[in-house]
Amino acid sequence: MDLRVLGRTGLSISPVVFGGNVFGWTADEKTSFDLLDKFFDAGFDTIDTADCYSGWVPGNAGGESETIIGKWLKQSGRARDKAVIITKVGSTPQGSAMEKGLTGARIIDAVESSLKRLQTDYIDLYLSHWPDPQTPHEETLAAFAKLKQQGKIRAIGCSNFNAEQLKASFEAAEKAGLPRYDVLEPEYNLYDRSGFDGPLADLCNAQDVGVITYFSLASGFLTGKYKSKAEAEANPNRGGMVAKYFDERGTRILAALDEVAAETHSQPASVALAWIAQRPGVTAPIASATSARQLDTLIAAGNLKLTSNQMALLNDASA
């Protein structure tokens, strides 16, 4: 398992990033601790979360995921510099009074809350969660610059920006003499390709932007766990998100995954993640797990190399 250089950030990350959206949702604190221990014991070191996770759960307020990660960091006894922690600012959990957006004041305030929940004095990678058309890029980037100077964050990036928005942020940073976004976190998987492939991928490649992808398993569709739309809809947590993928193209993708999984003696989920990791311009996929068995497929993906023929098969099936 080889670490991967994350653009120009100076960070190196594991070939699969653990998605912390499940912490405090479908994985309770003990389960989360066990999963993180297993993930790190396997040589992986990167966790992705956000200050709003998992505020969509009834009774949650947002920040539960960061809190669990912080407790684990303290109780595990692992050295802080052996973990790469990614978190985000600028979103708001459903039904929360938390301020949304990327104003300078919001960022300066939010980072303190994240640091407290994570029980650390710095964040490795801090991301703008969603574009904020009401706030100039210069204001947002100036706040990030201040936090970098204070040592509270090491690198910055953005999530859910399109090519036009990312390019505008680069221009604003250059004009104002501010640090630019060096990482992008887009939605990307074998089914959902159009948002990243093309101009956005080209821009990231040209500007040496590190790319870590979310919804890498299409909410579980690409694991092969669900065999029909009806079976997906029966799942109370993710069924509604998965059912939409059961069309002719989705079925074709699942068949290709099964074929490559058989050839490589692996699981469809591992193949789906390995495909992302070998796509041009992508640094690593983010994926979640709520059981040791699921985590095994993530770990296997980090060590799986697909042949050019297998990549072509998957590319064609998902075209």
Side-chain angles (χ1 to χ4, degrees), residues 1-6 9-50 53-54 64-87 114-115 117-125 154-155 183 185 210 212-214 216-217 220 222-223 225 261 264-278 282-306:
M1 193 274 297
D2 298 322
L3 295 179
R4 298 187 164 202
V5 175
L6 186 61
T9 63
L11 302 172
S12 292
I13 65 172
S14 50
V16 176
V17 176
F18 200 119
N21 62 313
V22 295
F23 301 151
W25 176 28
T26 48
D28 61 18
E29 184 175 292
K30 182 183 183 306
T31 300
S32 301
F33 283 14
D34 290 344
L35 293 169
L36 286 168
D37 281 336
K38 183 178 176 69
F39 187 70
F40 275 70
D41 287 345
F44 294 70
D45 67 355
T46 313
I47 311 168
D48 175 84
T49 187
Y53 295 170
S54 47
E64 289 79 13
S65 175
E66 289 182 333
T67 298
I68 286 174
I69 293 168
K71 288 182 178 180
W72 172 78
L73 280 171
K74 284 295 183 183
Q75 295 183 24
S76 69
R78 297 176 191 270
R80 172 65 184 87
D81 63 359
K82 301 302 181 183
V84 178
I85 305 298
I86 304 167
T87 193
S114 287
L115 289 169
R117 288 189 292 262
L118 289 165
Q119 299 191 52
T120 183
D121 55 4
Y122 70 94
I123 291 163
D124 295 286
L125 176 59
R154 296 179 63 192
V183 177
E185 186 174 310
I212 50 176
T213 66
Y214 75 88
S216 303
L217 292 173
L222 298 173
T223 65
K225 171 184 177 180
T264 55
H265 307 288
S266 57
Q267 296 298 314
S270 300
V271 174
L273 294 175
W275 175 84
I276 294 175
Q278 289 179 226
V282 174
T283 310
I286 302 166
S288 303
T290 57
S291 69
R293 180 184 59 81
Q294 290 178 1
L295 185 55
D296 284 338
T297 66
L298 273 60
I299 293 170
N303 295 288
L304 179 60
K305 304 298 182 186
L306 302 179

*Looking only at non-hydrogen atoms, find the nearest pair between S32 and A27 and report the distance.*
OG-O, 3.3 Å
*With K30, which residues qualify under side chain to side chain contact (heavy atoms under 4.5 Å, CB included), at least two apart?*
D28, D34
_Under 3.5 Å: donor-acceptor pair, side chain of R4, backbone of V16_ = no
*Does any N or O in the side chain of T46 come within less than 3.5 Å of the main-chain N or O of V84, such that one atom is a donor and the other an acceptor?*
no
*Inter-residue atom distance I276.CD1 - S216.OG, 0.5 Å rounding*: 4.0 Å
*Which atom pair, heavy atoms only, marks the closest approach of D45 to K82?*
CB-O, 3.4 Å
_Closest non-hydrogen atom pair between S76 and D37, with its separation_ = CB-OD1, 4.2 Å
_If you count every heavy atom of other residues, nucleotides or ligands that lies below 6.0 Å from D81 atom CG, does the total exceed 12?_
yes
_ring pair (Phe, Tyr, Trp, His ring centres under 6.0 Å) for F23 and F33? Distances and angles first, verdict last._
CA-CA 9 Å; F23 301 151; F33 283 14; 8.9 Å; no
*asked:* Donor-acceptor pair, distance only, cut-off 3.5 Å: does the side chain of T283 make one with the backbone of G210?
replied: no
*Would you find a donor on one side and an acceptor on the other, under 3.5 Å apart, between the side chain of S270 and the backbone of T297?*
yes
_Run the side chain to side chain contact (heavy atoms under 4.5 Å, CB included) test against N303 and tell me which residues pass, sequence neighbours left out._
M1, F44, I299
_Closest heavy-atom pair and its distance - L217, A287_ = CD1-CB, 4.2 Å
*For the student: nearest non-hydrogen atoms of L35 and A292, plus distance*: CD2-N, 3.9 Å
_Any heavy-atom pair between the side chains of T290 and T31 that's under 4.5 Å?_
no
*Give a yes-or-no answer on whether the side chains of T87 and S114 include a donor-acceptor pair shorter than 3.5 Å.*
no
*Heavy-atom donor-acceptor pair, R293 side chain to D296 backbone, under 3.5 Å*: no
*Any ion pair linking D41 and R78 (charged N to carboxylate O, less than 4.0 Å)?*
yes
*For atom CD of Q267, decide whether the heavy atoms of other residues, nucleotides or ligands shown that lie under 6.0 angstrom number more than 12.*
no
_Would the distance check show the side chain of S65 and the main-chain N or O of S54 forming a donor-acceptor pair, the cut-off being under 3.5 Å?_
no
*asked:* Counting C-beta onward and ignoring hydrogens, is there a side-chain heavy-atom pair between E185 and D48 closer than 4.5 Å?
replied: yes
*So do the side chains of T264 and V271 get within less than 4.5 Å of each other, counting heavy atoms only?*
yes
*Is there a donor-acceptor contact under 3.5 Å from the side chain of S14 to the main chain of V17?*
no
*Using atom types as modelled and distance alone, determine if a side-chain donor or acceptor of D124 lies under 3.5 Å from a backbone N or O of I86.*
no
_Would you call the rings of F39 and F18 parallel, tilted or perpendicular, taking 30° and 60° as the class edges?_
perpendicular
_Least distance between heavy atoms, S288 atom then V22 atom_ = CB-CG1, 3.6 Å
*asked:* With side chain to side chain contact (heavy atoms under 4.5 Å, CB included) as the test, pick out the partner of R117 among K71, E66, E64.
replied: E66
*Would you mind reporting whether I69 and Q119 have side-chain heavy atoms less than 4.5 Å apart?*
no
